[in-house]
Amino acid sequence: MADLATVAPAFVEMAHRIVWASVATVDPQGRPRSRVLHPLWTWDGTALTGVIATGPTRVKRAHLERTPFVSINYWSPDQDTCSAECRTSWILDDEGRQAVWQAFAEAPAPVGYDPAIIPDWAGGALSPAFAGLRLEPWRVRVFPGTVLLGQGGDVLSW
């Protein structure tokens, strides 16, 4: 196991390069359900945190109300994968939603984008269809495809 200071920068680089991730929640009956989402990660030298701009749908809210944890997995065609197991919390206050909106609007491509392109969010950050989901990982893994293909590299886990 590596320390977070070693793993986090490699994780953020790979996650932001791949952009889209499969995010799994658990329903009230204990069954997994996954969807494709677009997390934005921040490494400040001490803590790794993430946010997802998403709709606070009835299904997502019910899942995270019962079990506030998600499993996030990124995969690219060159076999690079990285994952994060996270505790979540909703960002539903006006100031928090505006901060999430701005974070995505100001982030560099390919992870940054204008959230207004989502039709349900045409009303902006204060639209009832828009919320943020805060991610606090307890486990992170970076698995370069070169390792899988026998071309060298290191699998990093925290």
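Nothing here was measured: the structure is a model prediction, and the numbers come from that model. Residues take their numbers from the sequence shown, with the count starting at 1.
Between the side chain of Thr88 and the main chain of Pro68, a donor-acceptor pair closer than 3.5 Å is present. In this structure a side-chain-to-backbone donor-acceptor pair under 3.5 Å is present from Arg97 to Ser127. Listed for the Asn73 side chain is no donor-acceptor partner under 3.5 Å among the backbone atoms of Ser83. A donor-acceptor pair is defined here as one N or O able to donate and one able to accept, closer than 3.5 Å; such a pair exists between the side chain of Thr146 and the backbone of Gly152. A distance-only check finds no donor-acceptor pair linking the side chain of Arg33 to the backbone of Asp27 [under 3.5 Å]. One N or O on the side chain of His38 and one on the backbone of Val111 form a donor-acceptor pair closer than 3.5 Å. A donor-acceptor pair under 3.5 Å links the side-chain atoms of Gln79 to the main chain of Pro77, judged by distance alone. Between the Arg139 side chain and the Glu85 main chain, no donor and acceptor come within less than 3.5 Å of each other. Here the side chain of Asp154 pairs no donor or acceptor atom with the backbone of Leu156 at under 3.5 angstrom. Here the side chain of Asp93 pairs a donor or acceptor atom with the backbone of Gly96 at under 3.5 angstrom.
Under a hydrophobic clustering in which Ile, Leu, Val, Met, Phe, Trp and Tyr are joined whenever their side-chain heavy atoms come within less than 4.5 Å, directly or via other members, Phe130 and Leu92 fall into different clusters. Val51 and Trp43 are assigned to two separate hydrophobic clusters, defined by single-linkage of ILVMFWY side chains at heavy-atom distances under 4.5 Å. Side-chain heavy atoms closer than 4.5 Å link hydrophobic residues (I, L, V, M, F, W, Y) into clusters, and following such links, even through other members, never connects Val140 to Trp75. A continuous path of hydrophobic side-chain contacts links Leu37 to Leu133 [ILVMFWY only; heavy atoms under 4.5 Å]. By the rule that hydrophobic residues join a cluster once side-chain heavy atoms approach within less than 4.5 Å of another member, Tyr113 and Val100 end up as members of one cluster.
Taking all atoms of both residues into account, the shortest heavy-atom contact from Ile72 to Cys86 is CD1-SG, 4.0 Å. For the pair Asp80 and Gly145, the tightest heavy-atom approach, listed with the atom from each and the gap, is OD1-N, 2.6 Å. Heavy-atom minimum distance, Ala21 versus Pro39: CB-CD, 4.2 Å. Pro115 approaches Phe104 most closely through the heavy-atom pair CG-CB, 4.1 Å. Between Thr81 and Met14, the shortest heavy-atom distance links the atoms O-SD, 3.3 Å. Shortest non-hydrogen contact noted between Trp121 and Ala129 is NE1-O, 2.9 Å.
With values rounded to the nearest 0.5 angstrom, Met1 atom CE is found 11.5 Å from Asp3 atom CG. Remark: Glu95 CD to Gln98 CD distance equals 7.5 Å, nearest 0.5 Å. For the atom pair CG (Leu126) and CH2 (Trp101), the distance works out to 9.0 Å, reported to the nearest 0.5 Å. To the nearest 0.5 Å, atoms CG (Asp78) and CG (Leu149) are separated by 8.5 Å. In this structure, OG1 on Thr46 lies 5.0 Å from CG on Asp44, to the nearest 0.5 angstrom. Atom CZ of Arg66 is separated from atom CD of Gln29 by 8.0 Å, given to the nearest 0.5 angstrom.
Looking at heavy atoms from C-beta onward, Lys60 lies in side-chain contact with Trp90 at the 4.5 angstrom threshold.
The environment of Glu65 atom CD is sparse: at most 12 non-hydrogen atoms of other residues, nucleotides or ligands sit within 6.0 angstrom.
In the model, Arg35 has a side-chain atom that pairs as donor or acceptor with a side-chain atom of Thr25 under 3.5 Å.
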(message) With side chain to side chain contact (heavy atoms under 4.5 Å, CB included) as the criterion, how do Phe11 and Trp158 come out once you've worked through the C-alpha distance, each side chain's angles and the decisive distance to 0.1 Å?
(response) CA-CA 10 Å; Phe11 173 80; Trp158 170 80; over 6 Å; no
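Residue Val12 is tested with Leu48, Val7, Leu40 for a side chain to side chain contact (heavy atoms under 4.5 Å, CB included); the sole match is Leu48.
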